[in-house]
Protein chains: 2
Amino acid sequence: MATKHDDAAEACCPSVLDAPLDQAEAEDLARAFAALADPVRLRLLSLIADAGEICACALLEPLGKAQPTVSHHTKALADAGLITGEKRGRWVWWSIVPERVAVLGDALAPARSNTPA
Amino acid sequence: MATKHDDAAEACCPSVLDAPLDQAEAEDLARAFAALADPVRLRLLSLIADAGEICACALLEPLGKAQPTVSHHTKALADAGLITGEKRGRWVWWSIVPERVAVLGDALAPARSNTPA
DNA sequence: CGAATGTATCTACATATGTCAATACGTGGG
DNA sequence: CCCACGTATTGACATATGTAGATACATTCG
């Protein structure tokens, strides 16, 4: 688990529309957006968000995907820091990390410098 | 050119964190986020945003990529509706489509229903 | 018109990724 | 202790994608 999103770079909230991103910032953001670049993962995210917290076992049926596939996608989202999982007994309960989602949202926020007065 | 982002679905601004997305919405959003899932395209986007409007010929050097590669990326962003190009003489001038970028940003905005009072 | 120049397309290729069957791992129940 | 069950990992495969050389297309200039 552990949500290995070792930021380091990504000073905090570089906006794509603000200053030119350097290579490192661009790669970090690209990795994050890549986690959102799959319809299954987006539905997964929305299912988790809607439930607030949900057992992985409850995701297979609505997604219509095999168990390893769903596990693969939860891992991708967790690696991106977008969700976090807690193991209780034999089940894993997933919930979203709203702050992390917000970082990506802010990266697409209107530019400050280019929309002055 | 033409920015073929034939939405149709994407009612307007489905938030990933709000209601569960249906298949079509998820696929549309995924396609859009996929356009952002590449560091070169993110830097491309930020270069265009920073300049307000920029000739394609001015993108090769800062990106350090071959001309066909840059053309490939501008096409990807244009297909996603994120940028639009205007041909003037032999040059193509690219600019961003802020409304479209905002749609993606809004899709990552905090949930309404799950953060009530 | 023909040469020069900027951009897009074609093609090829290496890598990345989504998918799932098989299997390993961990935990709780009998 | 062993089995059942939920989850993660491995392996294999088909498809998608980033990259750039070669080339086609378009426009301007002489």
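Side chains are part of it too, since the values below use all heavy atoms of this structure and drop only hydrogens, waters and symmetry mates. Please read these numbers as outputs of a predicted model, since none were measured by experiment.
As rounded to whole Å, 14 Å separates atom C1' of C:dA16 from atom CZ of A:Arg31. The distance from atom CG of A:Leu77 to atom P of C:dG18 is 10 Å, rounded to the nearest whole Å. Spacing between atom CG of A:Asp38 and atom C1' of D:dT15 amounts to 13 Å, rounded to whole angstrom units. To the nearest angstrom, P of C:dT19 lies 11 Å from CG of A:Leu44. One atom, NZ of B:Lys87, and another, C1' of C:dG6, lie 8 Å apart when rounded to the nearest Å. The separation between B:Lys75 atom NZ and D:dT17 atom P is 12 Å, rounded to whole Å. Separating the CG atom of B:Leu36 from the C1' atom of D:dT17 is a distance of 16 Å, rounded to the nearest angstrom. Between the CG atom of B:Asp79 and the P atom of D:dT17 there is a distance of 11 Å, rounded to whole Å.
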Under 3.5 Å donor-acceptor pairs involving side-chain atoms of residues 36-46 of chain B, not counting sequence neighbours:
| from | atom 1 | to | atom 2 | distance (Å) |
| --- | --- | --- | --- | --- |
| B:Asp38 | OD1 | B:Val40 | N | 2.8 |
| B:Asp38 | OD1 | B:Arg41 | N | 3.2 |
| B:Arg41 | NE | B:Ala35 | O | 2.8 |
| B:Arg41 | NH1 | B:His73 | ND1 | 3.1 |
| B:Arg41 | NH2 | B:Ala34 | O | 3.1 |
| B:Arg43 | NH2 | B:Leu63 | O | 3.4 |
| B:Ser46 | OG | A:Leu21 | N | 3.2 |
| B:Ser46 | OG | B:Arg43 | O | 2.9 |

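Within the nucleic acid shown, A:Arg41 comes within 4.0 Å of sugar-phosphate atoms alone, with no base atom in reach, counting heavy atoms only. Residue contacts shown for B:His72 include a base, since a base heavy atom lies under 4.0 Å away.
Scanning residues 55-64 of chain A for heavy-atom distances under 4.0 Å to DNA chain C yields an empty list.
For B:Arg90, whose side chain is taken as the heavy atoms from C-beta onward, the closest listed nucleotide among D:dA8, D:dA20, C:dA4 is C:dA4. The side chain of B:Lys65 has D:dA20 as its nearest neighbour among C:dT19, D:dA20, C:dA8. Of the listed nucleotides (D:dG6, C:dT9, D:dT9), D:dT9 has the atom at the smallest distance from the side chain of A:Pro68.
Applying the 3.5 Å distance criterion, the base of D:dA20 shares no donor-acceptor pair with the side chain of B:Gln67.
When all heavy atoms of B:Cys57 and B:Trp91 are compared, the pair lying nearest together is SG-CD1, 3.8 Å.
When the side-chain nitrogen and oxygen atoms of B:Thr69 are compared with OP1 and OP2 of D:dT19, none of them lie within a distance under 4.0 Å. Between A:His73 and C:dT19, a side-chain N or O to OP1/OP2 separation shorter than 4.0 Å is present.
Among residues two or more places apart in sequence or in another chain, the side-chain contact (heavy atoms from CB on, under 4.5 Å) test is passed with B:Asp106 by none.
Taking 4.5 Å as the limit, every side-chain heavy atom of B:Gln67 sits out of range of all side-chain heavy atoms of B:Val70. Taking the side chain as every heavy atom from C-beta outward, B:Leu104 and B:Leu29 approach each other to under 4.5 Å.
Of the residues near DNA chain C, A:Arg88 and A:Ala37, the one whose nearest nucleotide (by heavy atom distance) lies more toward the 5' end is A:Ala37.
Side-chain atoms of B:Glu25 come within 3.5 Å of backbone N or O of B:Asp22 as a donor-acceptor pair. Under the 3.5 Å distance criterion, the side-chain polar atoms of A:Arg100 are matched with a main-chain donor or acceptor of A:Ala80.
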